[in-house]
Amino acid sequence: MEQAQSLWQFMQQQSDKLLQQTLQHIGLTFISLVIALLIGLPLGIYITRHKPAAGPVLGFAGVMQTIPSIALLGFMIPLLGIGPLPAIAALFLYALLPIIRNTYTGIEGVDPLVKEAAVAMGMTRMQVLLKVELALAFPVIMAGIRTATVINVGVGTLAAYIAAGGLGEFIFGGIALNNTNMILAGAIPAALLAILLDFLLSLVQKMGRRRRLSTLWAMPVLFLLLSSFYVLPFGYSTRLLAGFTPEFMGRSDGDIGLRTVYGLKIRTVVISDAVMYKAAYEKKLDVISGYSTDGRLKTYDLVVLEDDKKIFPPYYAAPVVRKEVLERYSELGPVLNKLAGRIDDSVMTELNYKVEHLNQSPEKCARDFLVQQGLYREPAPVKEGVVRIGSKIFPEQYILTNMYAMLIRGYTGLQVETKTGLGGTKICFEALQHDRIDMYPEYTGTALLAILQPPAVDTKAG
Amino acid sequence: MIKVENITKTFGEFTAVDHVSFTVQEGENLVLLGRSGCGKTTLLKMINRLIEPSSGEIYIDGDNIYNRQPEELRKKIGYVFQNTGLFPHYTIAENIAIVPRLLGWDKQKIRWRTVSLMEKLHLPGEYLSYYPQQLSGGQQQRVGLARALAADPPVLLMDEPFGALDPITRASVKKDFRQLDELKSKTIVLVTHDVQEAFELGHRICLMDKGMIVQAGRPEDLLFRPTEDYVRDFFEDQRFQLEASVIDPKDYDTLIRAFDHFKNKGK
């Protein structure tokens, strides 16, 4: 009950943002849907007339569909940069297959005898297409449009990773910030949106032929109107554009601190850290929330701004370990501490640079460093017991995870299992709390602010 | 009047229709008779250009049909399909009104025409708002005929129009068909593999085999004066019924001959 109440409170509090994100989401969905319809429908009709083209066209659209959405967005960035354009392009590609395939299947499914009868009565090719083929294929085509719409609402959440807005901002922000209400404030409207749009389109699909005729004129108008919901937030005084990660957006040692302590009010878009550095390098963004140890700072020659008002606590990498694991394997603590004091920011930056820019494997990089420090040992004889190490998804964490794994194997003989696919602070911490992993590398500042969550007043005062 | 001259249709190596010529007089019913695969349906579909011939010419009332827009040509030729070919998404009224609407008739005239056709074909008026799948096979076939007649075309092409019906329904639809005044003045080409039907409905019959016309003529010509063994063999199984059906009771000679034949066959 308390949970539901506070979710409601959160949504009320953030109602401006929620409304804006929802409208952006609807806009993104429909812009890409309209483009997919403008291209998919004629293409679907074309391949019923030119059968040899059907295989390649459906094959191409099918391949597009199988590309994981994050990867597709990734492909789009070098071509189209960041922001709405690559997001719309990716959503368009996803919407294409259901529309082309259902148009093709729908028309192919029309009884050839009915088509022949239409021709025999003196209908022109266009009349046969409009009055017979499309009219009879309509329910199938509508089913395709419904599928495309639902896909677009779902994949549209990922638009938040490349600064295109939408309800994904809340979802990914919430995951990063360990804020369940924020996740739900994005996820529930997205789900409701998918259900609602699917339901409305199903009404059109089931409509009788005559009522349909009037509705069909309204549909493009409505789709275009919905498309126009997508407007970038303008009206800021500066021309600077900042790109912050979802996590940074919601943290007091982040956007909130920048606004309250520094009074920094610039146009801000939400973006994934995976593409943020490159976007800054390509002058798509002016300010980003980089990690001070990220190798890409060096690669892309980015400058780190000084935090003279001290809103950022120090971020020392430190292993977070379950207490009972430390107690069970008493030898573990001293081994993990061997790294203490050996990695400062410039060392870490150098290590990251090797992996990110010189394409070394994190494993080799970790091993070289341990060897150089005189810490490396070949794996000791295997003992009973497994330590599960988690990591967030970026190179620095991979390197640290590898170092810990090598140290544990070399000095204790315990076996190590690594789980390197944990999407953010919240996921890592939840995994730790629920005994899915035994430890993961964390940063002191993050641990303090995002996990321990001191009351907001404290940080504002600081 | 339809005049078919030396028409040929090949599909790759296969010759479906091989140098066929015939003439159908105005108001005449011509039956294209033959086993399946003999080319009769292909021949029929060339008359309204559903299929374009490989060579040869067809004239309707002296005009070469290949000099006209196919769509314009087809609106003046009624076409009845074996399996009706009704539009499943159109009501019965809309189905019947297709060609008149393509021709731009005004609504009142279409309405009047549709209702009168329903009456003539013994279909209840409330069926007008039904969809084809709500009707029985025989009723659908009547609607198919009404649709072909709606714009009162001078020429009617029929492709096995009773072929998909059960014998009892077929008999009743055929009866209505024969009694329909409108059909008396029409030039009709009808395709069938049913010998009985050919004799019942055809003023003249073209018996086809392997894309060619084996013999063309009145039913009694084919029956009593076959030019080839193929023609004689074709009717052999049903000879007695056929002969009985073509005999004019006044024609004593014919009657005797039929009787003798039957007697000889009995021995």
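Just the heavy atoms: all of them, side chains too, but no hydrogens, waters or symmetry mates, feed the values below. Note that the structure is a prediction, hence the values are computed from the model and not measured. Just so it is clear: chains get the letters A, B, ... in the order the sequence lines come, proteins before strands, and each one is counted from 1.
- Using a 4.5 Å cut-off between heavy atoms, A:Lys131 contacts chain B through both its backbone and its side chain.
- In B:Gln108, the CD atom is not crowded: 12 or fewer heavy atoms of neighbouring residues, nucleotides or ligands sit closer than 6.0 Å.
- Residue B:Arg49: no heavy atom, backbone or side chain, is found under 4.5 Å from chain A.
- The CD atom of B:Glu71 sits 6.0 Å away from the OG1 atom of A:Thr124 when rounded to the nearest 0.5 Å.
- With a 4.5 Å cut-off on non-hydrogen atoms, B:Asn83 touches chain A through its backbone and its side chain both.
- Atoms CZ and CE, on B:Arg101 and A:Met121 in that order, are 11.5 Å from each other to the nearest 0.5 Å.
- In this structure, no portion of B:Lys76 lies under 4.5 Å from any heavy atom of chain A.
- With respect to chain A, the highest number of heavy-atom pairs below 4.5 Å among B:Lys45, B:Gln82, B:Gln69 belongs to B:Lys45.
- Taken to the nearest 0.5 Å, the OG1 atom of B:Thr84 stands 6.5 Å off from the CG atom of A:Leu113.
- Shown here is B:Gln134, whose CD atom has more than 12 heavy atoms of other residues, nucleotides or ligands within 6.0 Å.
- The part of B:Leu86 that comes within reach of chain A is its backbone (N, CA, C, O), which places non-hydrogen atoms under 4.5 angstrom from that chain.
- At a 4.5 Å heavy-atom cutoff, the contact between A:Glu116 and chain B is made by backbone and side-chain atoms alike.
- Shown here for A:Val132 and B:His89, the closest heavy-atom pair between the two residues is CA-NE2, 4.1 Å.
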